[in-house]
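The next block holds one structure in the form of structure tokens; read it before the comments.
This one's a predicted model, so the numbers in the text were calculated from it and none came from an experiment.
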Amino acid sequence: MPSATGSASGKLPFVVRVLAAGTFLMGTTEFVIAGLLPEMAADLNVSVSHAGLLITAFAVGMIVGGPTMAMATLRLPQRHTLIGALAVFALGHAVAALSTSFTVVLTARVVTALATGAFWSVGFVIATTAAGPARSTRAVGVMMGGLTLANVIGVPIGSFVGHHTGWRGPFWALAVLAALAAAFVGRFIPRTEQRAEVSVRAEVRALRQGRLWLALGAAVLIMGGVLATYTYITPLLTDRAGIPAGAVPLVLIAFGIGALGGTAIGGRLGDRRPMVTTITASAATSLILLALIPASNSPVAAVVLVFGMALAGFTVNPVVTSLAVRLAGDAPTLTSALTTSGYNTGIAAGSLVAGQALDSSLGLTGPALVGAVFAALTLLPLIALALRGTTAPSRIVARHTTTAERETDDASATATAAR
């Protein structure tokens, strides 16, 4: 019979879907700001470029705050950490929606990013533990599917609502939905403590493993490659491919659908053939981005290649995330947080280099070339990891036991003692 932590039928536990809903909200809040910047800048009396700090602040908060919050909450029950993170997430959005000060809104974004980092780091561990080793990558794929689904549904809806109600409308909606998600987590995450002993020293010791850093390096590079191109895709589509500005959101939806499909593919194939899947997908991403440079003169080819870029690039993400958590052995929480930081580092680095390429003689095709190089470089840590092997060390996972299981264990112990 299915439960919150397992399923006899082979399906993923329901708790994984609940966690995916949380990542959907957090993915929406990270990316929806881009579509609301002009309105927020005017309302908060700052320039659009200055308002862009709201995006940077969130990324920095995720890079730094994820590992920090993972360590700060390490000895807390995982269920309490998730509920607390969602509560802070909701409160941060409510404070921002009530404020007329840019400084307050910026601070609320940083606090929200810290809560997001805590949720992701603990959520990945719970999802992989509940799913079991045979389905861990699939569980990560479903959780990350919430993030990619945010780009397909959450961000367009948030932008649409923001243009009609003002930017505060989406913030209030996210606050209410986060509060509801906290209630769901409280309902479906088991009320049991971790059986394994958690240790800050063990978490830090896990970082000494070279294979772990290869997986993290792949996470940084593949995300840097895809987002380097995606950040500046609009001028490429309008000025080079000749696609009307009004049709660009439809192309971005196609990108989101490709990302969702890639995450699903990686989740399905990654448990059986992790290295073949990631190496093939990374090589395909690089080739697609290279093809985008000459083919972007054609609107049809440009749209197809943007979809393919997302499909191939996002196939890598759930696999390397699952590998990193698996290779961490007894200490997966900090590693999970570092993986999230790695993705955000890739976003920041890829976008920065792509912006410089855009201003260079390369022009509109510069970001695509940068993306192709990043994706090709992803092959280096992946091939090295394949050569060294991906067998995980022995691991005592944070196993959650039900009341019935504890009663059974107690009964067995009593019978053994009587004999």
Side-chain angles (χ1 to χ4, degrees), residues 11-12 16-17 19-21 23-28 30-31 124 127 131 135-157 218-219 221-231 233 237 247-292 295 299-323 339 343 346-347 350 368 371-372 374-375 378 382:
K11 295 181 179 180
L12 287 177
V16 177
R17 313 287 178 181
L19 294 171
T23 61
F24 171 82
L25 295 179
M26 293 169 180
T28 298
E30 181 170 9
F31 298 113
F124 276 133
R135 293 173 293 165
S136 61
T137 303
R138 186 181 166 199
V140 170
V142 170
M143 269 196 72
M144 298 189 74
L147 178 62
T148 51
L149 192 62
N151 284 296
V152 181
I153 299 176
V155 171
I157 291 178
L221 289 168
I222 192 63
M223 187 57 70
V226 174
L227 268 295
T229 308
Y230 179 74
T231 301
I233 198 66
L237 295 173
V248 169
L250 297 178
V251 182
L252 300 184
I253 290 175
F255 173 90
I257 294 173
L260 187 63
T263 302
I265 292 172
R268 289 284 182 177
L269 300 180
D271 284 319
R272 289 174 290 175
R273 297 179 178 273
M275 301 320 303
V276 172
T277 301
T278 52
I279 290 173
T280 302
S282 298
T285 303
S286 183
L287 292 175
I288 289 170
L289 289 172
L290 283 175
L292 184 61
V300 174
V303 172
V304 171
L305 290 172
V306 166
F307 171 82
M309 168 185 72
L311 184 70
F314 277 78
T315 297
V316 180
N317 295 348
V319 187
V320 293
T321 300
S322 179
L323 283 175
T339 305
Y343 288 130
I347 291 171
F374 268 67
T378 307
L382 289 176

First locate atom [atom1] of [X], then atom [atom2] of [Y], and finally report the distance between them rounded to the nearest 0.5 Å.
X: I222; Y: T278; atom1: CD1; atom2: OG1; answer: 9.5 Å
X: L292; Y: I233; atom1: CG; atom2: CD1; answer: 5.5 Å
X: I257; Y: L311; atom1: CD1; atom2: CG; answer: 11.5 Å

List the atom of [X], the atom of [Y], and the distance in Å for their closest heavy-atom pair.
X: G313; Y: T285; value: N-OG1, 3.1 Å
X: A150; Y: G27; value: CB-C, 3.7 Å
X: A368; Y: L289; value: O-CB, 3.8 Å
X: T378; Y: S282; value: CG2-OG, 3.6 Å
X: A312; Y: A284; value: CB-CB, 4.1 Å
X: A310; Y: A259; value: CB-N, 3.4 Å

Would you please classify the geometry between the F255 ring and the Y230 ring as parallel, tilted or perpendicular, with 30° and 60° separating the classes?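 Parallel, since the angle between the ring planes stays under 30°.
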
Going by side-chain hydrogen bond (donor to acceptor under 3.5 Å, both in side chains), name the pairs with one or both residues in residues 312-323, residues two or more places apart or in two chains.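 Counting only pairs at least two positions apart or across chains, the side-chain hydrogen bond (donor to acceptor under 3.5 Å, both in side chains) contacts touching residues 312-323 are S136-S322, T137-S322, T321-Y343.
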
Please confirm whether the backbone N or O of A283 pairs with a side-chain atom of S286, one donor and one acceptor, at under 3.5 Å? no

Quick check: do F314 and M223 have side-chain heavy atoms less than 4.5 Å from each other? yes

From the list L382, L269, V316, side-chain contact (heavy atoms from CB on, under 4.5 Å) partner of T277 resolves to L269

